[in-house]
Amino acid sequence: MKYDFTAIERKWQNIWDENKCFSALNDSNKTKYYALIEFPYPSGEGLHVGHPRPYTAMDIIARKRRMQGYNVLFPIGFDAFGLPTENYAIKNHIHPKIVTKQNIKRFTEQLKMLGFSFDWSRTVDTTDPDYYKWTQWIFLKLFKNGLAYKSKIPVNWCTSCKCVLANEEVVGGVCERCGAQVIRREKSQWMLRITDYAQRLIDDLEGLDYVERIKIQQKNWIGRSEGAEVNFATTAGDIIKVFTTRPDTLFGATYMVMSPEHKLVEKWMPLYKNQDKIILYKEDASKKSDFERTELVKEKTGVCLEGVMAVNPVTGGQIPIYISDYVLASYGTGCIMAVPGHDERDWEFARAFNLPILEVVSGGNVNEAAYTDCDTGTMVNSGFLDGLSVDQAKLKIVEWLKARGLGDPKVNFKLRDWVFSRQRYWGEPIPLVFCEKCGWVPIPEEQLPVLLPDVESYETTEDGESPLSLITDWVSAVCPNCGGAAKRETDTMPQWAGSSWYFLRYMDPDNTKAPVSREAADYWGMVDWYNGGMEHTTLHLLYSRFWHKFLYDIGVVPFPEPYAKRTSHGMILGNTGEKMSKSRGNVVNPNDVVNEYGADTLRLYIMFIGDFEKAAPWSDTAVKGCKRFLDKVWNLCEAPSHGKSYSAEHDPIMNRTIKKVGDDIENIKFNTAIAAMMTLVNELSETGANKAEVKTLLTILSPFAPHICEELWEMNSFQGLCCQADWPSYDEKRMHEMEKQIAVQVNGKLRTTVTVPSDADDDTMLDATLRDDKIRKVLESFNLIKTISVKGRLVNLIVKPK
RNA sequence: GCGGAUAUGGCGAAAUUGGUAUACGCGCUGGUCUUAGGAGCCAGUGGAUUAUCCAUGUGGGUUCGAGUCCCGCUAUCCGCACCA
């Protein structure tokens with residue numbers, strides 16, 4: 001018979017579906033296992049060949065867990081709010097709802113075609129009012145707990161489109177759509193106080209099984225640093241607060257730098273002798289993003305605030321104040337004390353502006369470069385700190401400042417609060433109204449969801465407000481508090497909102513009383529294994545951990561962290577190693593691969609392509625190798641000889657392969673698991689396999705290539721379905737061959753190999769080595785000084801000439 | 001700039017974690033079968049001046065032994081808060 005993958009794949013997908021093979025049960029006496037992928041954004045382009053990489057990986061885990069006897073939850077859904085759909089709607093005048101529906105339909109077909117063992121009965125869609133009702137509910141809880149607030153913050157503003165732009169829509173300082181100048185403009189936005197959770201978000205990483213680099217990136221993103229807040233008096237009368245991690249260098253502070261947006265810079269405007277220059281500089285800075293400001297190793301720019309001086313609190317000396325764009329308003333207090341002797345950026349700035357550079361920590365040469373070492377230097381030129389180490393000086397100076405009310409120890413985080421509002425249509429409406437009398441008032445929970453109303457046009461208004469603001473009927477509301485006239489909030493939520501809690505909804509997708517019932521949350525507990533892209537490490541992962549901790553605090557969920565284990569996959573690149581993108585025209589559509597080779601081949605290849613954690617370029621020709629492998633499997637397993645156990649000849653490799661494949665799956669080394677199965681099939685093909693061998697092969701291969709295994713399983717009349725078989729066990733004692741080839745080195749260089757029994761001890765190995773002709777020849781002219789033996793590996797002879 | 005990573009044949013990669021570098025696959029070469037081959041099967045395949053020597057981006061170091069550990073370079077990729 002021929003391997004007709006098209007017919008086979010459709011056949012088994014239907015059978016699995018009819019038998020509800022992959023439905024997770026909420027009442028089961030089996031141990032639960034929750035495997036999670038990042039749900040896709042249903043884009044108009046459809047699935048591309050990068051999607052199946054993480055999905056296949058977690059499908060392999062889910063299928064293996066079922067075979068190991070777990071009650072597995074492996075769900076799927078759609079993160080469907082967002083910019084691309086909205087932009088498509090604007091361009092083509094189609095309701096995003098319709099576009100989303102079409103895209104989800106297409107994605108569903110494509111995902112089903114690949115044979116993933118998702119529980120389709122629990123599918124969620126973030127744009128479904130039954131879902132976003134609970135997203136709004138969570139927002140209201142945050143609001144009521146003081147974690148949502150309004151604040152003026154700078155946004156990207158397109159001067160021509162008159163709308164707020166996402167950073168991604170700003171390319172090289174101009175608007176991606178129209179090419180007009182983009183400036184930074186202040187706008188009042190809803191913010192979430194994620195910074196209140198900063199410390200817990202760091203601390204609780206401790207007990208989690210995340211890949212180490214993910215933990216490191218999260219910690220660095222949150223960016224905790226210890227230091228002090230120091231008050232500097234000014235000749236204008238105001239106090240400037242600065243945050244510094246190096247209070248020990250306070251004697252070396254020879255000037256100050258404020259961000260151009262600092263409130264005091266504006267307040268002091270009448271005092272300046274060089275107003276024009278300052279206004280010009282502020283304007284220039286507003287055209288640059290934070291990224292551009294700190295990006296280049298460029299000449300430092302800035303302007304002195306002539307007319308105002310600051311006072312160094314320890315020396316009492318007056319020092320000048322500058323504004324410069326290398327100081328960001330969003331970090332610390334938006335103002336720094338500059339210590340050019342011991343900070344690189346300050347040093348460069350001081351050089352550019354001819355400012356004095358003072359040495360206050362000895363050990364370097366501050367005329368050559370900033371000396372930033374904290375471990376070895378001693379304090380100098382620092383009055384009462386002289387002679388102390390940096391660490392001692394830090395403690396003493398903070399104590400000194402505190403006693404005089406001039407400063408305090410302070411922990412600072414790089415993490416900023418989460419900008420939560422968007423002036424966009426395609427997002428969850430923020431369920432608040434503004435009442436002149438009562439302020440911001442939440443919509444009563446029983447009135448949720450606040451439905452997204454239909455609009456004529458999806459573009460933002462002239463002054464950058466959400467299109468919802470144009471629907472006057474909808475905007476005008478009654479204040480739930482006082483019954484007076486009120487106005488609805490017209491901003492919507494960012495796409496991150498829906499994806500911050502979706503994994504909870506899968507546990508209990510049809511609940512109309514709560515986002516998730518306590519019973520379901522108790523049973524399913526933490527997500528056991530969450531795999532996703534490295535690009536989500538800082539934002540999505542952090543946002544969802546934050547929301548989850550909040551839900552834990554208010555008693556919705558019984559555990560403080562959402563994900564027990566987190567791994568990440570690398571990207572699939574185009575043929576030439578570049579990112580796959582529509583504009584490059586190198587996107588590979590999985591449908592084409594499935595039509596030509598079948599879903600099993602695609603799944604196998606995408607897992608074989610390379611290290612799962614690293615990026616890998618797609619190759620059209622290399623796919624064939626996996627198809628050839630499946631052809632070989634088909635030929636081997638079609639008609640095996642009878643045999644209830646492995647043949648003596650194949651016993652070691654059978655046991656070894658079971659162990660290797662099982663271990664490799666757990667360690668996300670799918671590529672070497674497949675290589676091991678290829679080696680096995682090559683060996684079995686030489687002599688033919690028996691029924692027992694075929695059964696094991698099909699079982700361990702089935703998580704990777706489930707359809708062909710299921711068909712061959714049936715052809716061999718094995719019991720039940722392959723996907724419901726037990727994961728095979730192996731015998732450690734039966735994994736090894738009787739004999740082993742070991743390396744023989746002379747002075748560390750390989751000279752020959754000898755064959756010894758696998759369990760040979762040092763003496764036996766040495767004996768065999770010394771009996772070797774080549775080695776005997778060597779020893780005729782050299783004296784043996786020392787031997788090093790490594791069991792089962794090598795013998796190294798250290799020799800000297802006679 | 002800040003943060004995270006990577007570098008091994010013509011290509012994707014592997015290496016029991018300090019012990020025979022290049023497993024597995026692609027490609028290529030030769031053979032075979034065939035009316036035909038862009039199918040299948042068999043053999044070969046790191047390089048060279050081949051009894052040996054040289055090879056894991058690059059320069060040092062530690063070690064009996066280094067792709068793996070340490071120090072210094074170089075190059076590349078990802079993220080940077082309103083893309084998802």
Side-chain angles (χ1 to χ4, degrees), chain A residues 38-41 43 79 81-84 153 155-156 164-170 189 194 212-214 216-221 223 289-298 326 330 344-345 414-424 494-496 499 533-540 542-543 570-571 573 577-579 605 608-611 613-626 628-629 631 635 660 669 671-679 682 741-753 785-799:
Chain A
E38 284 168 344
F39 62 165
Y41 175 71
S43 68
D79 189 15
F81 277 127
L83 261 187
I153 59 142
V155 295
N156 301 312
V164 180
L165 296 181
N167 283 351
E168 200 196 43
E169 297 172 297
V170 184
Q189 305 272 29
I194 188 172
E212 198 52 36
R213 67 178 203 274
I214 296 178
I216 294 170
Q217 275 200 51
Q218 287 232 337
K219 274 186 205 155
N220 288 338
W221 183 260
S289 66
D290 285 2
F291 181 48
E292 283 173 308
R293 287 182 178 198
T294 50
E295 179 185 30
L296 311 159
V297 197
K298 51 164 191 199
Y326 82 91
S330 51
E344 277 166 33
R345 284 164 310 173
K414 271 200 199 105
L415 183 70
R416 308 202 291 262
D417 275 340
W418 175 3
V419 185
F420 198 70
S421 38
R422 303 286 184 272
Q423 291 71 48
R424 301 278 181 174
Q495 196 189 23
W496 305 108
S499 61
M534 208 56 205
E535 68 275 19
H536 290 122
T537 299
T538 42
L539 298 180
H540 161 65
L542 211 58
Y543 290 153
M571 232 189 300
L573 307 168
E578 288 170 309
K579 212 168 165 170
Y605 175 61
F608 185 61
I609 197 165
D611 187 332
E613 300 192 79
K614 289 189 207 148
W618 176 267
S619 160
D620 286 318
T621 51
V623 191
K624 281 186 214 157
C626 289
R628 277 181 206 147
F629 168 68
D631 285 335
N635 293 334
K660 174 85 177 149
K669 301 287 180 201
N671 51 338
T672 48
I674 294 166
M677 289 189 279
M678 286 172 166
T679 308
N682 287 342
Q741 213 182 39
I742 63 161
V744 178
Q745 297 180 338
V746 177
N747 287 346
K749 289 205 165 183
L750 181 72
R751 285 296 150 212
T752 184
T753 60
I785 300 190
K786 191 179 162 189
T787 63
I788 292 159
S789 310
V790 181
K791 206 182 163 197
R793 297 242 154 260
L794 58 71
V795 173
N796 188 7
L797 306 175
I798 313 303
V799 300

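This structure is a prediction, so every number in the text was calculated from the model and none was measured. Chain letters run A, B, ... following the sequence lines, proteins first and then strands; every chain starts at 1.
Between the Ser619(A) side chain and the Ala622(A) main chain, a donor and an acceptor come within less than 3.5 Å of each other. A distance-only check finds a donor-acceptor pair linking the side chain of Asn796(A) to the backbone of Gly748(A) [under 3.5 Å]. In terms of modelled atom types and a separation under 3.5 Å, the side chain of Asn156(A) and the main chain of Val170(A) share no donor-acceptor contact. Put simply, the side chain of Asn671(A) never gets that close to the backbone of Phe608(A): no donor and acceptor are under 3.5 Å apart.
Within 4.0 Å (heavy atoms only), Ile609(A) reaches sugar-phosphate atoms of the nucleic acid but no base atom. Note on Asp631(A): nothing from the nucleic acid sits closer than 4.0 angstrom, heavy atoms only. No contact: Arg424(A) has no heavy atom under 4.0 Å from any strand. As judged by a 4.0 angstrom heavy-atom cut-off over every strand, Glu613(A) is placed among residues making no nucleic acid contact. When heavy atoms are screened at a 4.0 angstrom cut-off, Val155(A) is found touching base atoms of the nucleic acid. Here Ala676(A) lies out of heavy-atom contact (under 4.0 Å) with every strand. Residue Ile214(A) is classed as having no contact, given no heavy-atom separation below 4.0 Å to the nucleic acid. Nucleic acid contact class of His536(A) (heavy atoms, under 4.0 Å, all strands): base. Residue contacts shown for Val164(A) include a base, since a base heavy atom lies under 4.0 Å away. Here Leu83(A) lies in heavy-atom contact (under 4.0 Å) with sugar-phosphate atoms only. Across all strands, Tyr41(A) comes closer than 4.0 Å only to sugar-phosphate atoms, never to a base (heavy-atom distances). Among the atoms of the strands shown, none is found under 4.0 Å from any heavy atom of Glu38(A). Counting any heavy atom pair closer than 4.0 Å across all strands shown, Ala675(A) reaches a base atom. Looking at heavy-atom distances under 4.0 Å, Thr672(A) makes contact with sugar-phosphate atoms alone, never a base.
With a cut-off of 3.5 Å on both pairing distances, the Watson-Crick or G-U wobble partner of rU6(B) is rA75(B). The partner of rA13(B) cannot be assigned: no Watson-Crick or G-U wobble pair with both contacts below 3.5 Å exists in any strand.
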Which atom pairs link the protein and nucleotides 51-54 of chain B when you take only N or O atoms and keep those under 3.5 Å?
unit_1: rC53(B); atom_1: OP2; unit_2: Arg751(A); atom_2: NH1; d: 3.4
unit_1: rC54(B); atom_1: OP2; unit_2: Lys749(A); atom_2: NZ; d: 3.4

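Here Tyr605(A) and Trp618(A) bring their ring centres to under 6.0 angstrom of each other.
Taking every side-chain heavy atom of Asn671(A) into account, rA14(B) is the closest of rG25(B), rA14(B), rC82(B). In the set rG19(B), rG4(B), rU20(B), the nucleotide with an atom closest to the side chain of Val790(A) is rG19(B).
For the pair Glu535(A) and Asn220(A), both in contact range of RNA chain B, the more 5′-proximal nearest nucleotide belongs to Asn220(A). Both Trp496(A) and Ala622(A) sit near RNA chain B, but only Ala622(A) has its closest nucleotide nearer the 5' end.
Put simply, the side chain of Leu83(A) does not reach to within 4.5 Å of the side chain of Gln495(A), judged on heavy atoms. Side-chain atoms of Arg751(A) and Lys749(A), non-hydrogen and from C-beta on, do get closer than 4.5 Å to each other.
Note: CZ (Phe608(A)) to C1' (rA13(B)) measures 8 Å, nearest angstrom. Put simply, CG on Asp611(A) is 20 Å from P on rU22(B), counting in whole angstrom units. Per the geometry, OH belonging to Tyr605(A) stands 9 Å off P belonging to rA13(B), to the nearest Å. Distance Arg345(A) CZ to rG1(B) P: 12 Å, rounded to the nearest Å.
Using P as the reference atom, rG4(B) and rU52(B) are 48 Å apart when rounded to the nearest Å.
In rU50(B) the base sits syn relative to the sugar, since the glycosidic angle is no further than 90° from 0. With a glycosidic angle more than 90° from 0, rG37(B) adopts the anti conformation.
If you check the side chains of Glu38(A) and His536(A), you find a donor sitting under 3.5 Å from an acceptor. A donor-acceptor pair shorter than 3.5 Å cannot be found between the side chains of Thr537(A) and Gln217(A).
Under 3.5 Å, the side chain of Gln745(A) and the base of rG19(B) form at least one donor-acceptor pair of N or O atoms.
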